[in-house]
Amino acid sequence: MEKRIDGRTSLYALFGTPVGHSGSPAMYNFCFQHDGINAAYLAFDVNVENMEQVMKAVKLFHIKGGNFTMPVKNIASELCDEITPESRLVGACNVFVNKDGKICGDVTDGKGFIKNLQVNGVDVKGKKLVVLGAGGAATAVQVSAALEGAAEIAIFCRNDSFYPRAEETEKKLKKECPNTKVTTAKLEDGEKLAEAVKGCDILINATSVGMKPLDGQSLIDPSLLRKDLVVADTVYSPEKTKLILDAEAAGCAAAIGGKGMLLWQGALNYEFYTGKAMPVEEYQKYQAEQAEK
Ligand code: NAD
């Protein structure tokens with residue numbers, strides 16, 4: 001019988017759909033057990049239409065905290081009782097804590113990305129960035145980078161339904177982070193993209209290109225990759241995208257995949273709702289042991 005669960009066990013939860021593949025329950029339950037926290041973390045498959053009921057249920061059942069994933073991250077930011085300025089700017093919420101019936105939300109995707117750069121020795125402050133994409137991950141990265149003091153952010157997005165979001169982010173950041181120069185251009189303008197990559201310090205792919213079914217593809221011509229350029233990807237599956245492999249082959253200053261972003265945003269979530277630093281090293285060790293089995 002499960003010895004950890006008793007009448008006082010608190011519940012933490014993930015909401016979204018699909019959630020069956022999520023690594024969050026395994027990670028947070030490991031951490032609760034490791035830290036001696038009497039809590040359990042479960043995943044609930046819910047859609048946007050269920051979200052008002054979800055928020056009521058969180059209060060009714062005293063769910064202490066948890067996460068929102070696709071497709072409910074945007075609506076969650078509207079339904080929380082309180083959100084951080086970063087969550088408001090991104091227009092999304094992926095983590096919440098229940099403070100005596102008040103649901104407080106934040107977004108940690110961008111912060112997790114920045115932290116992953118930092119642990120790899122890269123600081124965005126004062127740097128010129130090119131960020132490809134204008135979806136959820138891209139917007140979070142763009143907002144966090146501006147809040148961290150990036151000097152320039154050149155957003156390149158395909159001429160699709162996400163493009164207006166890039167323009168919206170530019171507008172918001174110009175108002176809220178006036179010290180960061182933000183521009184928006186179409187990915188299809190190859191000449192402009194090449195010019196921007198040549199002049200930037202950090203190139204970031206925050207599109208789905210590189211991930212299945214677009215694995216083996218990259219939006220950047222390898223001839224643009226140079227030794228003093230830092231290259232980072234938000235895609236974590238495969239661990240090394242074509243862009244990251246090209247950057248390694250070109251001897252770029254750093255080639256940083258998206259797996260660390262996933263880990264660090266998870267660690268920031270844990271800290272947000274438990275107030276404790278996540279036992280990251282111990283969890284990584286446990287994960288490696290499980291993979292060997
Ligand atoms: P999204 O659907 O919100 O946005 C997709 C973006 O990719 C859009 O800007 C779209 O224009 C662009 N795009 C799609 N196909 C393209 C193509 N063929 N050419 C050019 N641009 C194209 O998705 P998202 O949630 O922002 O996720 C984007 C990527 O980031 C995914 O691979 C996802 O797995 C990854 N991600 C990683 C983490 C992490 O923790 N590492 C977190 C969130 C997302």
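Whatever order the structure lists them in is the order used to number ligands and atoms, beginning at 1.
For the pair E239 and K259, the salt-bridge criterion is met [side-chain N within less than 4.0 Å of a carboxylate O]. The existence of a salt bridge linking K276 and E271 is excluded, since no basic side-chain nitrogen approaches an acidic carboxylate oxygen closer than 4.0 Å. Salt bridge K127/D123: absent, no basic N to carboxylate O contact under 4.0 Å.
Under the side chain to side chain donor-acceptor pair (under 3.5 Å) criterion, the residue pairs touching residues 47-65 are K59-D81, with sequence neighbours excluded.
Near ligand 1, G133, A134, G135, G136, A137, C157, R158, D160, F162, L187, A206, T207, S208, V209, M211, L214, L219, T234, V235, Y236, G258, M261, L262 each place a heavy atom less than 4.0 angstrom from the ligand.
Note: Y28 and Y273 meet the aromatic proximity criterion, with ring centroids under 6.0 Å apart. Aromatic ring centres of F96 and F272 lie farther apart than the 6.0 Å criterion allows.
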